[in-house]
There are 2 protein chains.
Amino acid sequence: MSHAAASHALHCLDCGLHKLCFPPTFSNEALDSVAAIIGQPPVLPRQHVIYRSGDNADTIYAVRSGSAKTSMLLPDGRELVTGFYLPGEVMGLENLGQEHCLSTATTLEPTTVCALPMAEVSQLSRQLPELQGHLFQIMSTEIRADYQRMHLLAGTDADTRVAGFLVGLSARQTRRRLAGDNLRLPMARADLGSHLGLALETVSRALGRLADVGLITVSGKQIRILDAGGLQAIAAAQCA
Amino acid sequence: MSHAAASHALHCLDCGLHKLCFPPTFSNEALDSVAAIIGQPPVLPRQHVIYRSGDNADTIYAVRSGSAKTSMLLPDGRELVTGFYLPGEVMGLENLGQEHCLSTATTLEPTTVCALPMAEVSQLSRQLPELQGHLFQIMSTEIRADYQRMHLLAGTDADTRVAGFLVGLSARQTRRRLAGDNLRLPMARADLGSHLGLALETVSRALGRLADVGLITVSGKQIRILDAGGLQAIAAAQCA
DNA sequence: CGTAGCATTGATTCTCTTCAAGAGGTGTGG
DNA sequence: CCACACCTCTTGAAGAGAATCAATGCTACG
């Protein structure tokens, strides 16, 4: 563990992800202001609930390490997974300006999250035009991501949905400057199925089919993309 | 045609929808400021394109009368309808803070829309905390609506999706203080099918089944809800 | 009044879901 | 270190639901 990280109070400048959480053009003073309102992020164990549906909506969260899912419990008892969040991504935007949390956020593995109090974020964003613009941008990006996912959900067959999900996940890895062809799926097949509107068995079979035709290899949660172009062709999802 | 509407420049205070476009608590001065940046809204004919995918993203729109849809053209040639917009609703939030428009907006019938230039909206929102908060709120509401729709898309069978859509549309009618049990569907069955991830024939059949069991009556684009409770029970979508 | 687009209805095919069983992996306790 | 139990993932067979293809009926508009 880094000596700096262990002894100092957290500062966004020390975090390799600050160019993901905030615009790359963000000034150091702006980062200072933001860092000041972020509490010390704890390490949360696996399956830990970060916020629960119905909670007071007063905080948004940035994932620092690990991963999390957001989900809603449906009246019929099933669970709908609305999103997965990786390091550098901001979670809880659907609660900004709302009374109560809509969904429940749960860690998928040991995870650290930075808590950003909404009241202070919105006040700060009035002083920092860059921050305000950034908030609009990440919210509209979230809406765009939702449209992409609707495309997957409405888009027909299981292979397309799974391929589209993998392509999207790969793009998010490269955004973090990680290899885009070697993916780890931190979520269970059931979560993935709920997210994609498929039974977990169908997810498993779709992964198997994609592997059969040589586009990927599957080894449990570890996925390797062998033919990114072929995968995109099946996903047919590059319409952004 | 109203003599006032014809002779005066538009002002939001003259518009019965201003409490929908903006918070009910909005002061008259704030409305003055907002009205000042809104151009004179033209009456657009049916099937008119308001903005097109790829256009410069510089404006958001509020529907004043009529209705519109937003859609994306998929690589395979099909069209994905991402949303329908009724009077008092704001369209184009997914473009706020982005370079280009993601989707294409088209009127479904003769429609008037108020154009709000993004640059001036975001500048104004720095001076008016209420407006900033409102923008965050309508964007997060849009995200929440998307989650609801994903629930419908992932939620299994055709009847559930159609019932859920009708329940949601009914709620939006009552929000405008209109009767919630008498709906007019301004969009074609094909648009509705694309929106719900169903073939247009399946939409037709689902409407027929809902009518068969006495929950609604269907007469072309005119829908009457006979048993709102029963419809909600099928939709199972009251998890907001 | 006629035409063109839109909506409904029917028959068939195909995909996914469901139910069910087995395999692989992981963590715990002996 | 091994054995067992638990959980997750995979694989199989049967059934249900929607997509597709195709034809008819309706509506609106010129």
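Reminder, nothing fancy here: chain letters follow the sequence lines and each chain counts from 1.
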Please check if any side-chain donor atom of Q98(A) sits under 3.5 Å from a side-chain acceptor atom of T141(B), or the reverse.
->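 A pair is found: one side chain offers a donor N or O, the other an acceptor, under 3.5 Å apart.
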5' to 3', nucleotides 9-18 of chain D under a 4.0 Å protein heavy-atom cut-off (B base, S sugar-phosphate only, - none) gives SBBBB----S
Please set out all donor-acceptor pairs under 3.5 angstrom arising from side-chain atoms of residues 204-214 of chain B, sequence neighbours excluded.
from, atom 1, to, atom 2, distance (Å)
R209(B), NE, D159(B), OD1, 2.9
R209(B), NE, D159(B), OD2, 3.1
R209(B), NH2, D159(B), OD1, 2.8

For the rings on Y51(A) and Y61(A), is their centre-to-centre separation under 6.0 Å?
->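 Yes.
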Check residues 173-185 of chain B and write down every donor-acceptor pair under 3.5 Å in which the side-chain atom is one partner and the other belongs to a residue at least two apart or another chain.
from, atom 1, to, atom 2, distance (Å)
T174(B), OG1, A171(B), O, 2.8
R184(B), NH2, E109(B), OE1, 2.6
R184(B), NH2, E109(B), OE2, 3.3

For the student: nearest non-hydrogen atoms of N95(B) and L102(B), plus distance |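 The answer is OD1-N, 3.2 Å.
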Mind checking which nucleotides bracket the chain A contacts on DNA chain C, 5' to 3', with an atom under 4.0 Å from a heavy atom?
->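 Reading along DNA chain C, I get dC16(C) to dC19(C).
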Pairs where residues 190-226 of chain A contributes a residue and the test ring pair (Phe, Tyr, Trp, His ring centres under 6.0 Å) is met, not counting sequence neighbours |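 Qualifying pairs: F84(A)-H195(A), F165(A)-H195(A).
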Residues which pass salt bridge (Lys or Arg N to Asp or Glu O under 4.0 Å) with R189(A), listed by chain and number, not counting sequence neighbours =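 Here no residue qualifies.
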